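All remarks here apply to the structure that follows.
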Amino acid sequence: MSQTDSAEFIAGYPLKAHNTFGFDVHAQWACRIEREAQLPAAAHDPRIAGLPRLVLGGGSNVVLTRDFAGLVLLVALRGRRVVGEDDEAVYVEAAAGEPWHEFVGWTLSQGLPGLENLALIPGTVGAAPIQNIGAYGLEMCERFAWLRAVELASGESVEFDARACAFGYRDSFFKREGRDRFVITSVTFRLPKAWQPRANYADLARQLAADGYHADGKEPDAQAIFDAVVAVRRAKLPDPLELGNAGSFFKNPVVNADQFEALKSREPDVVSYAQPDGRVKLAAGWLIDRCGWKGRSIGAAAVHERQALVLVNRGGASGADVLALARAIQHDVLERFGVELEAEPVCL
Ligand code: EPU
């Protein structure tokens, strides 16, 4: 092994700055990965034999309830470039440790639209496919080409296409079977040359109208959509640097048509989205809000005042406090609506 491939282990590593809830927990060992070649060495170091591993990018979709007795791999791989094009699309690759929002801004600065609806999502490029990030009418899987990941057991680099990633709503192979078995090292996106604005999502359409688009037939360009998404997110969602949070804490639940009809007859203004398979997705934020949880807290763990789907750390909360709040919310929503809410972030 060359010197450059070796991995430096740090004992008792503080994770406060590596999870966006800001929970004050420690990892038994941590290792910063700056080059892909360091991964096999890090995975097979005798000090961590038999211990669990946790891969952290920006730590924006994880609830750390206690110290982690294992190895945390801090993915800090950087770099982004155009890797090719065909008649229909340009292919852009980014290393897993690139901050997502900066990457989106960079693609626009290169004249390559397509990711603008996903502006300002916290976290890294490598985390984006794990939960198939989505917002304002676009899911990452719609712009995905392929990714590369290192299998920790073998040290081999493997390419995954969209089918192998098994993307679903806030879901993928890497959130399930592949969890902590693979470290995503780079992701390549397919940005269509025939770009079309995606501007129908209610909050986004309202913001664009306020910015002077559509009303007089003026179509927004990708930068206008990017700016509008940033404005909407800033107005509704707390900045993790100011108020610890992990974005939406629950998935929007999907119910079958009969359940939906029964619910709708009791709650005529329930917010819902019909799904292609005949089922109906419900706005979890609305359900939680309707149960009176918006702005309420248990200790320092609270429900955000402007978006009931977001749980926040008002300062000094632990992961256990947030989970206790989450359970109380799940209980009330189940009791009142008969609907189970599933947590969206990974809870450890
Ligand atoms: N609503 C309320 N009260 C609330 C929150 C929401 O009544 O406290 C209602 C809203 O008025 C709206 C509906 O619920 O009619 C949906 O709300 P919103 O548009 O804010 O979106 P969401 O369904 O709550 C999802 C994603 C977000 C994403 C937005 C915009 C999930 C779990 N969440 O939230 O993603 O930014 O749509 O596309 O799908 C994330 O995953 O971390 C995340 C922030």
Side-chain angles (χ1 to χ4, degrees), residues 19-21 57-63 100-101 104 115-124 127-142 167-172 175 198-208 225-226 228-240 243-255 263 267-275 280-296 302-312 322 326 329-330 332-333 336-337 339-347:
N19 75 98
T20 57
F21 262 118
S60 57
N61 202 46
V62 62
V63 185
W100 174 263
H101 176 66
V104 174
L115 295 173
E116 55 283 347
N117 292 59
L118 306 179
L120 211 63
I121 295 182
T124 57
I130 298 178
Q131 59 152 343
N132 182 22
I133 57 173
Y136 305 104
L138 183 75
E139 278 190 346
M140 189 232 56
C141 64
E142 297 174 74
F167 293 122
Y169 164 57
R170 294 296 189 280
D171 197 31
S172 77
K175 208 170 170 184
R198 193 73 75 88
N200 292 333
Y201 197 92
D203 275 351
L204 179 56
R206 250 192 308 275
Q207 181 65 42
L208 285 165
I225 293 180
F226 178 94
V229 168
V230 168
V232 172
R233 291 189 72 98
R234 289 225 165 100
K236 267 197 148 174
L237 297 167
D239 179 349
L243 193 60
N245 75 88
S248 297
F249 198 89
F250 300 103
K251 288 189 189 184
N252 284 329
V254 180
V255 298
L263 181 59
E267 306 277 351
D269 21 302
V270 60
V271 179
S272 62
Y273 315 92
Q275 299 297 289
V280 181
K281 194 186 262 185
L282 305 175
W286 185 90
L287 300 173
I288 298 167
D289 195 352
R290 201 33 89 91
C291 288
W293 272 106
K294 203 185 239 176
R296 276 174 62 195
V303 180
H304 187 51
E305 273 122 9
R306 294 193 300 276
Q307 216 317 357
L309 201 47
V310 178
L311 305 190
V312 300
V322 168
I329 292 168
Q330 282 167 318
D332 282 7
V333 169
R336 171 150 180 192
F337 301 109
V339 174
E340 271 185 57
L341 292 183
E342 186 191 339
E344 204 233 71
V346 174
C347 301

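Numbers for residues simply follow the sequence, beginning at 1. Excluded from the calculations below are hydrogen atoms, water molecules and symmetry mates; all remaining heavy atoms, backbone and side chain alike, are included. Bear in mind the structure is a predicted one, so any value in this text is a computation, not a measurement. One-based numbering, in listed order, for ligands and for the atoms of each.
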(request) Give the minimum heavy-atom separation between Asn132 and Gly168, together with the two atoms involved. (result) ND2-O, 2.9 Å
(request) Verify the neighbour count for atom CG of Asn200: are there more than 12 heavy atoms of other residues, nucleotides or ligands below 6.0 Å? (result) no
(request) Under 4.0 Å from a heavy atom of Glu344: give me the atoms of ligand 1 that qualify, with their elements. (result) 32 (C), 40 (C), 41 (O), 42 (O)
(request) Looking only at protein heavy atoms, identify the closest one to atom 5 (C) of ligand 1 and say how far it is in Å. (result) Gln307 OE1, 3.2 Å
(request) Run the numbers for me: atoms of ligand 1, each under 4.0 Å from some heavy atom of Asp289, listed by number. (result) 2 (C), 3 (N), 4 (C), 7 (O), 8 (O)
(request) Would you check if the side chain of His304 reaches a backbone N or O of Lys236 as a donor-acceptor pair within less than 3.5 Å? (result) yes
(request) Identify, by atom number and element, the atoms of ligand 1 in contact range of Val271, meaning under 4.0 Å from any of its heavy atoms. (result) 13 (C), 15 (O)
(request) Examine Tyr273 against ligand 1 and note whether any of their N/O atoms are separated by less than 3.5 Å. (result) no
(request) Would you please classify the geometry between the Trp286 ring and the Phe337 ring as parallel, tilted or perpendicular, with 30° and 60° separating the classes? (result) tilted
(message) Please determine whether a side-chain nitrogen of the Lys or Arg among Glu342 and Arg170 lies less than 4.0 Å from a carboxylate oxygen of the Asp or Glu.
(response) no
(message) List ligand 1 atoms under 4.0 Å from Gly247, heavy atoms only on the residue side.
(response) 42 (O)
(message) If we ignore hydrogens and angles and just use 3.5 Å, is the side chain of Asp203 paired with the main-chain N or O of Val232 as donor and acceptor?
(response) no
(request) Please say whether Gln131 places an N or O atom under 3.5 Å from an N or O atom belonging to ligand 1. (result) no
(request) Please report which non-hydrogen protein atom sits nearest to atom 1 (N) of ligand 1, along with the residue it belongs to and the distance in Å to one decimal place. (result) Trp286 N, 3.8 Å
(message) Would the distance check show the side chain of Asn117 and the main-chain N or O of Arg198 forming a donor-acceptor pair, the cut-off being under 3.5 Å?
(response) yes
(request) Go through ligand 1 atom by atom and flag the ones less than 4.0 Å from a non-hydrogen atom of Lys294. (result) 3 (N), 4 (C), 8 (O)
(message) Test your reading of the structure: does Lys251 have an N or O sitting under 3.5 Å from an N or O of ligand 1?
(response) no
(request) Select one of side chain, backbone, both or neither to describe which atoms of Arg290 lie under 4.0 Å from any atom of ligand 1, heavy atoms only. (result) neither
(request) Under 4.0 Å from a heavy atom of Arg170: give me the atoms of ligand 1 that qualify, with their elements. (result) 26 (C), 27 (C), 31 (C), 33 (N), 35 (O), 39 (O), 40 (C), 41 (O), 43 (C)
(message) Considering Leu341, Val232, Asn252 one by one, which has a heavy atom nearer to atom 23 (O) of ligand 1 than any of the others?
(response) Asn252
(request) Grab the two heavy atoms, one from Ser248 and one from Pro345, that are nearest each other, plus how far apart they are. (result) O-CD, 4.0 Å
(message) Residue-level breakdown please: for Ala308 versus ligand 1, do any non-hydrogen atoms fall below 4.0 Å on the side chain, on the backbone, on both, or on neither?
(response) both
(request) May I ask you to identify, for Phe250, whether its side chain, its backbone, both or neither come under 4.0 Å of ligand 1 on a heavy-atom basis? (result) backbone
(request) For the pair Gln207 (side chain) and Leu204 (backbone), establish whether a donor and an acceptor sit closer than 3.5 Å, ignoring hydrogens and angles. (result) no
(request) Tell me which part of Lys236 gets within contact of ligand 1: side chain, backbone, both or neither, using heavy atoms under 4.0 Å. (result) side chain
(request) Write out the residue and atom name of the closest protein heavy atom to atom 38 (O) of ligand 1, then the distance separating them to 0.1 Å. (result) Tyr136 N, 2.7 Å
(request) Give a yes or no on whether the backbone of Leu341 and the side-chain of Gln330 come within a donor-acceptor separation of less than 3.5 Å. (result) yes
(message) If you compare all heavy atoms of Leu118 against all heavy atoms of Ala135, which two are closest, and at what distance to 0.1 Å?
(response) CD2-N, 3.5 Å
(message) Treating Asn252 as the side-chain partner and Ala284 as the backbone partner, does any N or O pair qualify as donor plus acceptor under 3.5 Å?
(response) yes
(request) Report, in ascending order of atom number, the atoms of ligand 1 lying under 4.0 Å from any heavy atom of Tyr169. (result) 31 (C), 32 (C), 39 (O)
(message) Just to be sure I read this right, does ligand 1 sit under 4.0 Å from the backbone of Arg233, its side chain, both, or neither, counting only heavy atoms?
(response) side chain
(message) Quick check on atom 11 (O) of ligand 1 - does any protein heavy atom sit closer than 4.0 Å to it?
(response) no
(request) Give the residue and atom name of whichever protein heavy atom lies nearest to atom 44 (C) of ligand 1, and the separation in Å to one decimal. (result) Ser248 OG, 3.2 Å
